[in-house]
Amino acid sequence: MSTFSAPKGTYDLLPPSSATYLAIREALAGPLRRAGYGYIETPVFEDTKLFSRGVGESTDIVTKEMFSLTKRGSEDLALRPEGTASVLRAALQANLHKLGNLPVKLWYSGSFYRYERPQKGRYRQFSQVGAEAVGAEDPALDAELIILADDGFRSLGLSRYTLLLNSLGDKQCRPVYRAALVEFLAGLDLDEDTRRRAEINPLRILDDKRESVQAQLTDAPMLRDYLCEECKAYDEQVRGLLTAAGVAFTDDPKLVRGLDYYTRTTFEFVHNGLGAQSAIGGGGRYDGLSEMLGGPALPSVGWGLGVDRTFLAMEAEGIVLDLPSATAVYAVALGEEAKNVLFAKTVELRRAGVATDLAFGVKSIKNAMKSADRSGARFALIAGDRDLAAGVVQLKDMTTGEQVPVELDALVSTLKEKQL
Ligand code: HAM
């Protein structure tokens with residue numbers, strides 16, 4: 001036990017469950033790779049203004065949850081609370097939108113930071129696999145991304161989740177709706193803080209989780225009823241493509257999401273085994289963000305899927321991934337000379353692509369064999385002086401217990417044949 005522990009709201013990823021985390025990241029990224037998305041990595045900290053301008057001054061993420069960095073220079077930096085603003089900043093900075101095909105399709109995987117009140121499924125450092133398709137306005141692109149997220153979740157065996165879908169309108173119809181909502185909100189009994197948030201972004205109030213607020217919203221005007229013809233048609237097409245692909249969704253007219261940049265399609269995947277923090281992923285279209293960051297008009301769409309919550313969702317569904325043991329062969333040497341020979345064979349086997357581990361600091365054969373057992377290896381290699389004198393090592397099948405001598409020279413090819 002150390003005198004230090006992980007900071008509040010964070011946790012360590014440790015073997016063996018860390019292998020599942022890696023597998024989740026791989027599974028969520030797989031569909032993206034197969035759909036032409038290229039990998040992007042951006043710094044974990046950025047100019048604070050990128051987030052306040054991009055994510056929005058009325059959001060909890062910006063007003064309450066940003067990890068600001070104290071440093072010597074004059075720039076104001078913050079740890080990234082999400083990936084979209086950074087990815088778009090990087091794409092604009094590198095002129096990716098001018099250099100190749102549009103949309104520029106990008107995916108990422110990494111840690112994000114929000115100073116939230118920690119609870120199960122809500123952490124101050126968490127991990128997302130994200131995707132952004134920059135520079136195209138096409139309902140098929142929105143549908144593509146939603147289908148790819150669904151494919152990722154399904155490939156992990158998840159099924160107890162629902163896709164919530166909404167449209168937040170565009171710069172034509174949203175202001176009309178906004179005005180109607182502002183008028184409605186003016187007649188409600190709201191505290192100062194909430195009123196201030198409503199002034200910056202009244203839609204945010206729809207998402208307020210408090211009973212006292214929700215109870216007053218039953219007759220609130222709904223954006224759905226204010227959508228312009230273009231937004232309605234766009235929404236219809238996204239829905240049609242999802243249905244054709246067999247992806248079920250539920251309308252959620254109150255889904256506004258916790259970030260201000262969304263336009264038109266917005267969605268969230270919610271899992272029924274997670275309690276309050278039920279969103280395992282979410283995203284949407286953000287047609288105005290590029291201009292908000294000083295770039296040209298680049299209509300875009302994307303999502304972020306929560307790796308931590310996907311892990312919890314799998315636990316809730318009792319899903320255990322069939323991950324091959326990291327170690328296929330475990331070598332146990334009895335005596336100095338045998339140790340040197342098996343060390344050399346271990347190096348050789350690894351170079352030949354066979355995952356091999358070696359017992360270090362062996363005090364007794366019994367303990368070393370226990371380590372072999374715990375390693376999950378399919379075979380143990382055992383050698384003592386007598387074996388070496390005969391030019392063999394003992395190959396023990398850890399499942400059947402059967403043990404056979406194998407010529408040292410034939411060892412690598414024998415194990416390679418077993419396709420470990
Ligand atoms: P978000 O909904 O804020 O969207 O986060 C996406 C997912 O990250 C959530 O659904 C959840 O699974 C996970 N997540 C968020 N906060 C936490 C937390 N404190 N602890 C654990 N997991 C968390 C975005 O971040 C947008 N950038 C998504 C996007 C990309 N929209 C367009 N492009």
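Counting convention: from 1, in listed order, for ligands and their atoms alike. The model shown is predicted, which means the values in this text are computed figures rather than measured ones.
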| task | Compare every heavy atom of Ser371 with every heavy atom of Tyr330, then report the nearest pair and how far apart it is. | result |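 Result for this residue pair: OH-CB, 3.3 Å.
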
| message | So for Gly258, does at least one of its heavy atoms come nearer than 4.0 angstrom to any atom of ligand 1? | response | no

| query | Is the shortest distance from a heavy atom of Arg124 to ligand 1 less than 4.0 Å? | reply |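 It does not; every heavy atom stays at 4.0 Å or beyond.
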
| query | What residues, two or more places apart in sequence or in another chain, satisfy salt bridge (Lys or Arg N to Asp or Glu O under 4.0 Å) together with Glu268? | reply | Arg257

Give the numbers and elements of all ligand 1 atoms closer than 4.0 Å to a heavy atom of [X].
| X | answer |
| --- | --- |
| Gly121 | 20 (N), 21 (C), 22 (N) |
| Glu132 | 30 (C), 32 (C), 33 (N) |
| Tyr262 | 26 (C), 28 (C), 29 (C), 31 (N), 32 (C) |
| Glu116 | 16 (N), 18 (C), 19 (N) |
| Tyr261 | 26 (C), 27 (N), 29 (C), 31 (N) |
| Gly281 | 10 (O), 12 (O) |
| Glu82 | 25 (O), 26 (C), 27 (N) |

Structural part of [X] in contact with ligand 1, heavy atom criterion under 4.0 angstrom:
| X | value |
| --- | --- |
| Trp303 | backbone |
| Tyr286 | side chain |
| Leu259 | side chain |

| Check ion pair Lys396-Glu402 (N to O, under 4.0 angstrom) |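 Result for this pair is no, no salt bridge flagged.
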
| query | Any ion pair linking Lys232 and Glu229 (charged N to carboxylate O, less than 4.0 Å)? | reply | yes

| said: Within the supplied structure, the quantity of interest is the number of heavy atoms (other residues, nucleotides, ligands) at a distance under 6.0 Å from Tyr21 OH; does it exceed 12? | reply: yes

| Between Phe269 and Phe153, is the gap from one ring center to the other below 6.0 Å? | yes

| What about the rings of Tyr115 and Phe67, do their centers lie closer together than 6.0 Å? |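 Aromatic pair counts; centres sit under 6.0 Å.
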
Using atom types as modelled, flag every donor-acceptor pair under 3.5 Å from a side chain in residues 156-163 to any protein atom, sequence neighbours excluded.
unit_1: Ser159; atom_1: OG; unit_2: Glu317; atom_2: OE1; d: 3.3
unit_1: Arg160; atom_1: NE; unit_2: Asn272; atom_2: OD1; d: 2.8
unit_1: Arg160; atom_1: NH1; unit_2: Ala316; atom_2: O; d: 3.4
unit_1: Arg160; atom_1: NH2; unit_2: Asn272; atom_2: OD1; d: 3.0
unit_1: Tyr161; atom_1: OH; unit_2: Asp150; atom_2: O; d: 3.4
unit_1: Tyr161; atom_1: OH; unit_2: Asp150; atom_2: OD1; d: 2.6
unit_1: Tyr161; atom_1: OH; unit_2: Arg154; atom_2: NE; d: 3.4

